[in-house]
Amino acid sequence: MPGVVSSGAGAAAVPAVVLAAALLHVVWNGLAHGIKDKLAGFTLINLAYTGCGAVMVLLMPMPDPAAWPYIAASAVLQVVYQVLLLRAYQLGDFGQMYPMARGTSPLLVAVVSTTVLGQALPGRDVAGVVVISCGLAGLALADGIPGRAQLPALAAAVGTGMMIALYTVVDGTGVRHSGTVTGYIAWLFLCQGPVLPLIAWARRGRSLIGQLRPVSGRGLTGGLLSVVAYGLVVWAQARGNLATIAALRETSIVMAALIGTLIFREGFGYLRVTASATVLAGIVVLELAHP
């Protein structure tokens, strides 16, 4: 990756930067969940993506032509991710949906690498998969066996995790073809940003403008925090151990369970925090098995 710095003060700051990114990520998700009109909230978040992307493409190098198929594919996956996350927050509690979405992704990557790519799964990886699975089961069952009414929310959360896994793989490959990490990110934000606002406009027309105004501060702030969080992670990935960064990043899973309990006053807080901590423990085992 261009511009990698593996030592010095920058490398020493990596853990703090990743934890800050994790906090910002869970905060912007909390802002999105806290907006009653979820479509309006996610529209504003994506308008922030569009604005930031437009500024960045003027300042950053153009990606290599080989990266454009990956940018296009990732933009599509990111839009589907946004729609599924929006739906999960419409249907479920923050302290359950966020940890399930984030925890599903590394589990799926491990399972697909074994079943589809034929890679051997070492014993430590198996342990990580088992622990994550137990944690996710705990999240799904924290408030009892899900009935038919709860299944759409759980499906949206799992679908969100699937999209995270897919766009992570696509971006990991695409960045290597781009020749510029920042240019890749800039065009990704600019390509994905306008789609959800256009969908919202097609559904609501001119009335959308009036619906955006009351929540514009929270929505745009959420979008800006998301961009900053992503930038911090990319900065850290250029300077630190990728497995350690991935594990630290997922501390947001426990943060989200705590926010759901303490701020949103959602039920089953103790059980969800415990299950989220179990998911995090499994991710740490899984990620740190590949230093």
Side-chain angles (χ1 to χ4, degrees), residues 1-29 31-32 41-79 81-82 163-164 167-201 212 216-240 242 245-246 249 252:
M1 185 179 293
V4 171
V5 179
S6 59
S7 61
V14 164
V17 169
V18 176
L19 289 173
L23 178 60
L24 291 177
H25 192 276
V26 76
V27 168
W28 85 252
N29 273 266
L31 287 171
F42 275 83
T43 296
L44 288 161
I45 288 168
N46 281 268
L47 286 174
Y49 290 169
T50 305
C52 290
V55 172
M56 290 170 67
V57 297
L58 297 176
L59 303 174
M60 305 304 173
M62 181 70 72
D64 189 275
W68 285 105
Y70 297 96
I71 292 173
S74 181
V76 172
L77 293 170
Q78 295 267 9
V79 170
Y81 154 78
Q82 293 269 336
M163 292 303 107
I164 294 171
Y167 75 63
T168 299
V169 172
V170 170
D171 288 341
T173 306
V175 164
R176 291 181 175 87
H177 287 81
S178 69
T180 165
V181 175
T182 52
Y184 183 95
I185 293 170
W187 281 99
L188 179 58
F189 276 124
L190 184 59
C191 290
Q192 76 174 83
V195 178
L196 198 57
L198 289 173
I199 292 173
W201 181 267
L212 295 179
S216 59
R218 284 180 288 167
L220 292 174
T221 298
L224 291 173
L225 291 179
S226 177
V227 172
V228 173
Y230 194 84
L232 289 176
V233 167
V234 171
W235 180 91
Q237 287 173 335
R239 290 162 174 81
L242 295 180
I245 289 168
R249 191 179 183 186
S252 62

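Basis for what follows: all heavy atoms, side chains included, without hydrogens, waters or symmetry-related copies.
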Any heavy-atom pair between the side chains of [Y] and [X] that's under 4.5 Å?
| X | Y | value |
| --- | --- | --- |
| D171 | L188 | yes |
| V14 | W235 | yes |
| Q78 | V170 | no |
| Y49 | N46 | yes |
| T221 | L225 | yes |
| S74 | Y184 | yes |
| L190 | T50 | yes |

How long is the span from the [atom1] atom in [X] to the [atom2] atom in [Y], to the nearest 0.5 Å?
| X | Y | atom1 | atom2 | answer |
| --- | --- | --- | --- | --- |
| C52 | I185 | SG | CD1 | 12.0 Å |
| L31 | I45 | CG | CD1 | 7.5 Å |
| T43 | L198 | OG1 | CG | 9.5 Å |
| M56 | W187 | CE | CH2 | 12.0 Å |
| F42 | I199 | CZ | CD1 | 12.5 Å |
| N29 | S226 | CG | OG | 7.5 Å |

Shortest non-hydrogen contact from [X] to [Y]?
| X | Y | value |
| --- | --- | --- |
| I245 | A236 | CD1-O, 3.1 Å |
| M60 | A186 | CG-CB, 4.4 Å |
| P197 | G193 | CD-O, 3.0 Å |
| A48 | L224 | CB-N, 4.0 Å |
| A75 | C191 | CB-CB, 4.0 Å |
| L44 | S216 | CD1-CA, 3.5 Å |

Report task. Determine the interplanar angle of the Y70 and H177 rings, folded into 0 to 90°, and report it as parallel if under 30°, tilted if 30 to 60°, perpendicular if over 60°. Result -> parallel

